[in-house]
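Report on one structure; see the data block that follows.
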Amino acid sequence: MADQDALVAHEITHRYSKRGPLVLKGVSFTARRGEIVGLIGQSGAGKSTLLRCINGLITPTSGTLLTLGLNVAHLPESARRTVRRRVGMIFQEFNLLDRLTVMKNVLVGRIGYLSTFRSCLHLFPSSDRKKAAECLAMVGLAGFERRRARDLSGGQKQRVAIARAIAQGAEIILGDEATANLDARTTDAIMEILVMLARERNTLVFLSIHDLDIARRYCNRVLGLRGGTLVFDAHPDTLSKDVVEEILK
Amino acid sequence: MSATQDVEIAQDPAAEPARTFAQVAFSIGTRVLVSALLVTIVVWAFAGIQFDFTNLHQGLISGRHYMAQMFPHNIAELQYASRVLIGNWPYLVQTIQIAIVGTVVGAIPALPLCFLAARTTSLFRPLAVVVKTALNIGRSVPILIYALLTVCIIGLGAPAGAIALAFGSFVMLTKLYAEALESVSPGPVEAVRAVGGSPAQVFVFGMLPQVFPNFISATLYALELNMLSSFVLGFVGAGGIGFNLQNYLRLYQMLDAGVLVFLLIILVNIVDYLSYRIRMLFA
């Protein structure tokens with residue numbers, strides 16, 4: 001595994017229950033830091049499952065998946081948490097804590113670095129608060145610190161989610177249909193931030209996307225999943241109509 | 001959708017399979033039988049207690065006389081009512097105290113137990129079913145029965161009333177807290193797990209902000225109910241203003257009873273308003 005490899009998947013499979021169907025069927029790929037990888041496929045193709053395997057929320061049934069050089073499946077839960085804090089995740093439904101302020105939501109990204117006792121009492125050090133404020137400024141939400149998350153628009157909520165991932169110090173950012181609920185203009189703004197993170201911070205951005213136009217414009221590599229099998233892995237320029245139909249059929 | 005499409009869907013044999021005559025007859029027959037049974041039960045209940053609308057009318061006429069006596073009609077009665085109010089003030093305070101103590105003592109054990117009662121947080125699902133069944137049994141006992149039991153066990157007075165209310169609050173709040181836990185949105189929980197949160201952090205950041213307003217709301221609801229219940233606890237000797245109210249009613253001291261009913265209405269509305277403000281604060 002090269003230093004620049006952030007993800008190495010070898011023949012990974014996953015099924016949710018012992019007798020359930022295979023959701024992932026021998027998926028293999030390598031993704032490097034600084035890449036923007038788009039993951040496309042029909043609903044139920046295994047995109048969300050693959051993302052959850054990558055950050056250790058679920059464990060592959062077989063195969064090897066190295067996330068930042070660590071085989072998450074073989075790690076105890078406490079060590080898995082250490083890996084998870086290096087992998088940011090942004091969700092289609094944002095998954096913010098609506099009652100909490102924008103600042104608190106971003107600070108959630110820091111809880112992996114604090115003792116349980118301190119974090120549960122919301123005793124975040126001033127350095128974390130400063131970092132969170134910087135992250136909010138980076139995504140264009142300076143001055144929103146005291147607003148409640150529930151009062152934000154969809155685009156603003158997704159920016160908060162990205163700020164949380166940046167505050168986390170994430171070396172990989174996973175996006176599960178992160179722009180699916182956003183309008184075209186907001187989608188572009190969110191994608192620009194992710195491109196900036198890939199270029200300037202050498203972050204691997206790994207997004208499940210249903211909009212092929214976004215994949216063509218922003219990704220420098222596209223993976224296609226069909227029925228849990230990886231059927232496409234190339235530059236988005238090679239995504240012809242026939243290829244897309246083959247992936248999505 | 002156009003009318004033509006409606007017709008097409010209605011005529012689609014796959015949309016709703018045609019029923020046989022026997023099936024239709026059975027369906028109508030069942031409904032008629034159930035309706036007839038329900039009517040019979042209602043008639044049986046009215047006949048059983050010899051409920052008579054003529055008696056009800058006469059009762060309302062005489063009741064109007066007593067109702068009128070519950071209000072002061074002149075300055076002297078108003079002064080008397082104010083003396084009754086001052087004299088009952090300590091008992092009113094005790095009634096409020098019983099309700100508060102009952103709610104708090106009931107809520108404290110409900111907080112840990114609700115995690116065992118909720119399907120989403122219980123150690124294993126059968127345990128949640130067992131806990132919920134036990135709670136339902138506890139909820140089926142009226143609060144006055146609890147009060148009679150506690151008076152028998154620890155004697156007359158306010159502590160017996162507070163413990164009775166605590167029992168009632170405990171079973172109700174455990175169920176309401178468990179339902180709040182079961183309604184937690186999994187998204188924020190997963191988000192906190194995804195940033196590397198420990199189980200305690202997942203609870204504090206992922207679940208607690210979601211359930212906290214519901215916990216507060218349920219506790220205040222229990223307090224409101226306990227304020228009402230604590231008024232009648234005195235009827236069975238479990239402390240509070242209810243004992244005096246019962247005596248006034250027995251002795252037909254309607255003005256005195258009216259003062260206490262007035263106090264009850266004011267108290268319940270104040271608690272209702274304060275509950276609303278507190279709920280808004282934590283929403």
Side-chain angles (χ1 to χ4, degrees), chain A residues 48 51-52 54-58 77-101 104-122 124 148-150 157 160-161 164-170 172-174 176, chain B residues 107-108 111-112 114-115 118-126 176-221 275-283:
Chain A
S48 297
L51 294 178
R52 278 159 179 75
I54 291 170
N55 81 341
L57 284 173
I58 55 177
E77 182 56 27
S78 59
R80 270 190 205 204
R81 289 203 292 270
T82 312
V83 176
R84 273 190 218 130
R85 76 182 183 203
R86 296 168 67 192
V87 182
M89 185 119 175
I90 47 181
F91 301 85
Q92 182 178 348
E93 300 297 336
F94 324 120
N95 288 355
L96 299 183
L97 297 153
D98 284 344
R99 276 190 66 241
L100 300 187
T101 61
K104 282 271 168 68
N105 269 285
V106 178
L107 283 169
V108 166
R110 301 299 301 166
I111 60 175
Y113 298 92
L114 284 182
S115 71
T116 297
F117 179 74
R118 275 196 79 164
S119 63
C120 287
L121 294 176
H122 292 221
F124 292 96
R148 288 211 188 189
R150 67 178 172 209
K157 283 182 179 179
V160 174
R164 179 172 66 190
I166 303 170
Q168 208 179 318
I172 300 173
I173 290 184
L174 306 174
D176 192 2
Chain B
I108 290 170
L111 276 170
C114 70
F115 290 93
R119 276 182 291 108
T120 46
T121 54
S122 192
L123 297 173
F124 53 103
R125 289 209 172 179
L176 292 177
Y177 291 166
E179 282 171 2
L181 282 172
E182 285 171 359
S183 68
V184 161
S185 165
V189 175
E190 189 180 32
V192 180
R193 280 189 70 212
V195 299
S198 64
Q201 288 168 328
V202 169
F203 173 70
V204 169
F205 287 94
M207 294 180 85
L208 199 56
Q210 293 190 66
V211 297
F212 190 64
N214 292 337
F215 278 19
I216 292 286
S217 186
T219 311
L220 291 170
Y221 177 61
S275 295
Y276 170 75
R277 301 301 302 183
I278 295 169
R279 279 192 192 102
M280 289 297 104
L281 191 68
F282 289 102

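Only a predicted model underlies this, so the values are computations on that prediction, with no experimental measurement involved. The basis for the numbers below is simple: all heavy atoms, side chains too, and nothing from hydrogens, waters or symmetry mates. A note on names: the letters A, B, ... follow the listed sequences, proteins ahead of strands, and every chain is numbered from 1.
Only the side chain of A:Arg150 has a heavy atom closer than 4.5 Å to any heavy atom of chain B. For A:Arg52, the part sitting under 4.5 Å from any heavy atom of chain B is the side chain, from C-beta outward, and nothing else. Contacts of B:Phe212 with chain A are made by side-chain atoms alone, with heavy-atom separations under 4.5 Å and no backbone atom involved. Looking at A:Val83, neither its backbone nor its side chain comes within 4.5 Å of chain B, counting heavy atoms on both sides. For B:Val195, the parts sitting under 4.5 Å from any heavy atom of chain A are the backbone and the side chain alike. Of the atoms belonging to A:Arg164, it is side-chain heavy atoms, and not backbone ones, that fall under 4.5 Å from chain B.
Looking only at distances, no side-chain donor or acceptor of A:Arg99 sits under 3.5 Å from a matching main-chain atom of B:Pro213.
A pairwise comparison of heavy atoms in A:Cys120 and B:Ala200 identifies SG-O, 4.0 Å as the closest pair. Here the closest non-hydrogen pair linking A:Leu96 and B:Pro188 is O-CG, 3.7 Å.
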Steps toward side-chain contact (heavy atoms from CB on, under 4.5 Å) verdict (A:Thr116, B:Gln201): CA-CA 6 Å; A:Thr116 297; B:Gln201 288 168 328; 4.3 Å; yes

Trace of the side-chain contact (heavy atoms from CB on, under 4.5 Å) decision for A:Leu57 with B:Arg193: CA-CA 8 Å; A:Leu57 284 173; B:Arg193 280 189 70 212; 3.8 Å; yes

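Within 6.0 Å of CZ on B:Phe115 lie more than 12 heavy atoms contributed by other residues, nucleotides or ligands.
Per-residue counts of heavy-atom pairs under 4.5 Å with chain A were compared for B:Ala191, B:Ser185, B:Pro186; the largest is that of B:Ala191. Contact count versus chain B (heavy atoms, under 4.5 Å) is highest, among A:Leu174, A:Asn55, A:Val108, for A:Val108. Looking only at heavy-atom pairs under 4.5 Å with chain B, the residue among A:Glu93, A:Arg81, A:Arg110 that has the most is A:Arg81.
Every ring-ring contact (aromatic ring centres under 6.0 Å, His included) that B:Phe205 has, sequence neighbours left out, goes to A:His122. Taking A:Tyr113 as the reference, nothing meets the ring-ring contact (aromatic ring centres under 6.0 Å, His included) condition, with sequence neighbours excluded.
Remark: B:Gln210 CD to A:Leu100 CG distance equals 10.0 Å, nearest 0.5 Å.
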